[in-house]
Amino acid sequence: MSYAFLGQNLHETADRARKYFANAYGATHFKAEAAIDAQLPLKPTWQATLNGGYILCIEVRETPFSQSLYEFVTLCAQQGKPVRLWVAVPHGMAAPTFNGELKQARELGVGVAQIADDGTAHEFHKPVPLSLFALRKTELKHVPKIRRETLKTAEDTFLSGAPDQGCQAVCQDLEAITRRFAEHTYQAGWWKTTAGAKALPTRFFRRDSWATMLEALDERIDVQQVKVKCPTFGRPLVAGARQYTNWRNTVSHKPKTLNELQKRDARLRTMFEATRDLLIEWYEVAKPLKILK
Amino acid sequence: MPQDHRTGKLAEIPVEHIRPNPDNPRLTFRQGELDELQESIRRYGVQVPIAVFKRGSHYILIDGERRWRSASKLNLKTIPALIQDEPGPLRNLLLMFNIHALREQWDPLTIALKLPRIVALLGKELGKPPTETDLSSHTGLPRGVIRRSRLLTNLPKKYQDLLLEDLKKPKSRQTLGEDLFIEMEKSLKTVMRAMPGLIEDADVARDAFLGKYRKKVIPNVVDFRKVAKIARAKTVGADQVTAREAIVRLLEDPEYSIAQAWNDTVSEAYTERDIVTRIDLLLTRLDEVEGGGLDDDVREKLEELVSRARAILESEE
């Protein structure tokens, strides 16, 4: 393959990188040294399409990072571009800045692979889709230790390119915590009752529609009584949870075009952040009841 | 450059309308250099306009291929350019040579591969084959560079390709290099001139030397200079038959090094010649101080020299 802008000393690496990413990631429709967008300040060595619809960009370089890449990554993240950016470096390069640049690349969500002469690659780390990278990261110090792993895993899943599954994980946790809260407070007698009404069965809290259960909680919870034990509780928390009762519909919508993918990622990023923040508030509420598992 | 010169028009032109010059002698662009320039352009823009001429709807580069590559890589839409009239084939080439003669010099192979075309075009214009001086004055290259480059011009194509492939690799992985071929060719020329008939097929000799260089039996390119000195054994009064046999062994025995051949043949003779030359020089200098007062340091050294010389002479008797 002949390249217009790449130094000859990297042509073989670029050829091998293309083969590697086609074989290992099923990338197709490769284009060499073309602009992804007229406004982005870099034409990557390769761009291709990945199965999930993301654009694969491979920048072939002697070292893992540069200021040009920083600018490119920042703009892609700001504009929510559905790009997974890899830097492919040749085997045997030992620049003194290598480790520092490797760290910079990882922190900015850029994957780095070292391509060997036989076409195999050593992946130092994988990239984060830049459309998701602008995600406001979870401050784990605000999360009860018992729930940190769950939340961290959800965030990692989200950033690995499965934002739908990441959102699903936090929504499921939100549902579980609100159900346990409702059941616990009901059994504690902190729900208002009407004379002659039948007792709610366990099934109502554990298996029946989440939306119906939250509606009942919203209507019947005695906020003042709960506040004695859980001072941070308030009705807005229940209202917040009720916004996500149809989360399955929201996350299951598969984008068909790049534009849809970009919009979905932006939507799921907002959803993940908001649900996660709400969940952390619920953890705080539920903590005194010892219902965190 | 003995050509008329007209100033071009300065303009911002679309990067995507620019094409590289097919006659650009430069064959390799190393990524490290491109990265540095790219970073500078990203920060400060293109500060020095490129030079182009217009052909149809495109612009052809005369100067600034690295700036153009970097600008294009950075997805810049326009680049400042000096638009000149389309030059003739010879002027096109000479322009590029002269620009680089004033700035960063090309690799010798880059120059070597374009020299035959310049020789042909210039010969046509001058009405006679150009001399080294003609080439130097027209290209702006020093005569030494032309002479070294010509050694690569005359190299068979398979070795030029080998060298080109090597130059394309990252610097840390290059195993050959232009200096190797230049030094090797110089020594082979001397051997063929001083010992006619010894080398029947120069490629066999080249392959033998390259094999030894790769196996580090020849550890550095400067060793080839010793091969030339062995071939000129006669000039220092060394035995020419022994020297001839050593060179034959150098070409046939893969483990026999140049250093060994040197010690087996002319090492002593060259050392003796070196001593004689230095003594002659010293005597000339001593003539200058004769009669004058000698410094204590000089007197001490002279006495040491006399005593060492006497000891050597007495041991010879």
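Both backbone and side-chain heavy atoms feed into the values below; hydrogens, waters and symmetry mates do not. So you know, we letter chains A, B, ... as the sequences are listed, proteins then strands, and number each from 1. Worth saying up front: this structure is predicted, and the values here are computed from it rather than measured.
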### Task
Identify the two heavy atoms, one from B:R69 and one from A:F5, that lie closest to each other, and give their separation to 0.1 Å.
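Heavy atoms of B:R69 and A:F5 come nearest at O-CD2, 3.8 Å.
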### Query
Closest heavy-atom contact between A:L40 and B:N75?
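Heavy-atom minimum between the residues: O-ND2, 2.8 Å.
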Interatomic spacing from [atom1] in [X] to [atom2] in [Y] - rounded to 0.5 Å:
X: A:K43; Y: B:L76; atom1: NZ; atom2: CG; result: 9.0 Å
X: B:R42; Y: A:E71; atom1: CZ; atom2: CD; result: 5.0 Å
X: A:R61; Y: B:L34; atom1: CZ; atom2: CG; result: 11.0 Å

### Query
Side chain, backbone, both or neither: which part of A:T45 has a heavy atom under 4.5 Å from chain B?
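Both parts, heavy atoms under 4.5 Å.
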### Query
Tell me, side chain or backbone of A:E33 under 4.5 Å from chain B's heavy atoms, or both, or neither?
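No part of A:E33 comes within 4.5 Å of chain B.
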More than 12 heavy atoms of other groups within 6.0 Å of [X] [atom1]:
X: A:K152; atom1: NZ; value: no
X: A:K263; atom1: NZ; value: no
X: A:Y70; atom1: OH; value: no
X: B:E16; atom1: CD; value: no
X: B:E65; atom1: CD; value: yes
X: A:K137; atom1: NZ; value: yes
X: B:K189; atom1: NZ; value: no

### Query
Is the closest side-chain heavy-atom distance between A:L42 and B:Q38 below 4.5 Å?
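Yes, side chains in contact.
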### Between A:S66, A:A38, A:P44, the one whose heavy-atom pairs under 4.5 Å with chain B are most numerous
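Among the listed options, the one with the most contacts to chain B is A:A38.
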### Message
Taking side chain to side chain contact (heavy atoms under 4.5 Å, CB included) as the criterion, tell me which of A:L10, A:T63, A:V60, A:T13 meets it with B:Q31.
### Response
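Considering A:L10, A:T63, A:V60, A:T13, a side chain to side chain contact (heavy atoms under 4.5 Å, CB included) with B:Q31 is found only for A:L10.
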### Between B:K77, B:K73, B:E39, B:R43, the one whose heavy-atom pairs under 4.5 Å with chain A are most numerous
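Result: the option with the highest number of such pairs is B:K73.
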